[in-house]
Amino acid sequence: MHSSPARLVREFHLAFGLDARTTPTEVSQELAAHRGELLAEEAAEVAEVSVTGPLDRLAHELADVVYVAYGTALVHGIDLDAVIAEIHRANMTKLGPDGRVSRRADGKVLKGDHYRAPDVSEVLRRQGWEEREPLSVREHTDS
Ligand SMILES: [Mg+2]
């Protein structure tokens with residue numbers, strides 16, 4: 001494993017004068033929407049080549065998704081490595097204490113009694129996030 005994409009993507013953003021924040025921050029709707037569109041474009045490219053290939057195209061588009069996702073996290077001041085670690089921690093609690101995986105008949109991994117859901121809010125608070133009400137709530141109460 002090479003170093004986290006976070007460092008590389010930060011280097012890219014700084015070199016090209018793109019936004020790079022160090023504390024979780026709600027950004028302008030325009031910027032947030034722009035980042036969402038970039039990611040949707042890359043995800044669509046993955047979907048396009050997933051079945052048809054070739055494999056090098058798939059690898060390229062998967063890397064684009066990750067790169068843009070890390071960039072979007074950076075724009076919002078989110079340490080994405082820490083969030084991924086929390087998601088991983090939660091996923092691993094799907095294992096039973098005996099190290100066995102419980103599955104449904106169709107193969108889906110079940111969340112057993114030891115499952116502990118990810119707490120992404122807590123991860124962001126540790127990064128300095130001051131949580132506000134979601135925009136949809138604020139819109140109804142501001143006017
Ligand atoms: Mg692409």
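Quick caveat: nothing in here was measured; it's all calculated off a predicted structure. Note that ligands are numbered from 1 as they come in the structure, with each ligand's atoms numbered from 1 the same way.
Between Arg104 and Asp106 there is a salt bridge, since at least one side-chain N of the basic residue sits less than 4.0 Å from a carboxylate O of the acidic one.
Minimum heavy-atom separation, His13 to Asp19: ND1-O, 2.8 Å. Between Thr23 and Gly128, the shortest heavy-atom distance links the atoms CG2-O, 3.6 Å.
Residues forming a side-chain contact (heavy atoms from CB on, under 4.5 Å) with Lys94 (at least two apart in sequence, or on another chain): Asn91, Val109, Lys111, Tyr115. Residues satisfying the ring-ring contact (aromatic ring centres under 6.0 Å, His included) test with Tyr67, not counting sequence neighbours, are Phe12.
For the Mg ion (ligand 1), protein N, O or S atoms closer than 2.8 Å were enumerated as Glu42 OE1, Glu45 OE1, Glu61 OE1, Asp64 OD2, with waters left out.
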Could you go through residues 52-59 and list every donor-acceptor pair under 3.5 Å that involves a side-chain atom there, pairing it with any protein atom two or more places apart or in another chain?
{"unit_1": "Thr52", "atom_1": "OG1", "unit_2": "Glu48", "atom_2": "O", "d": "3.2"}
{"unit_1": "Arg57", "atom_1": "NE", "unit_2": "Glu61", "atom_2": "OE2", "d": "3.4"}
{"unit_1": "Arg57", "atom_1": "NH2", "unit_2": "Glu61", "atom_2": "OE2", "d": "3.3"}

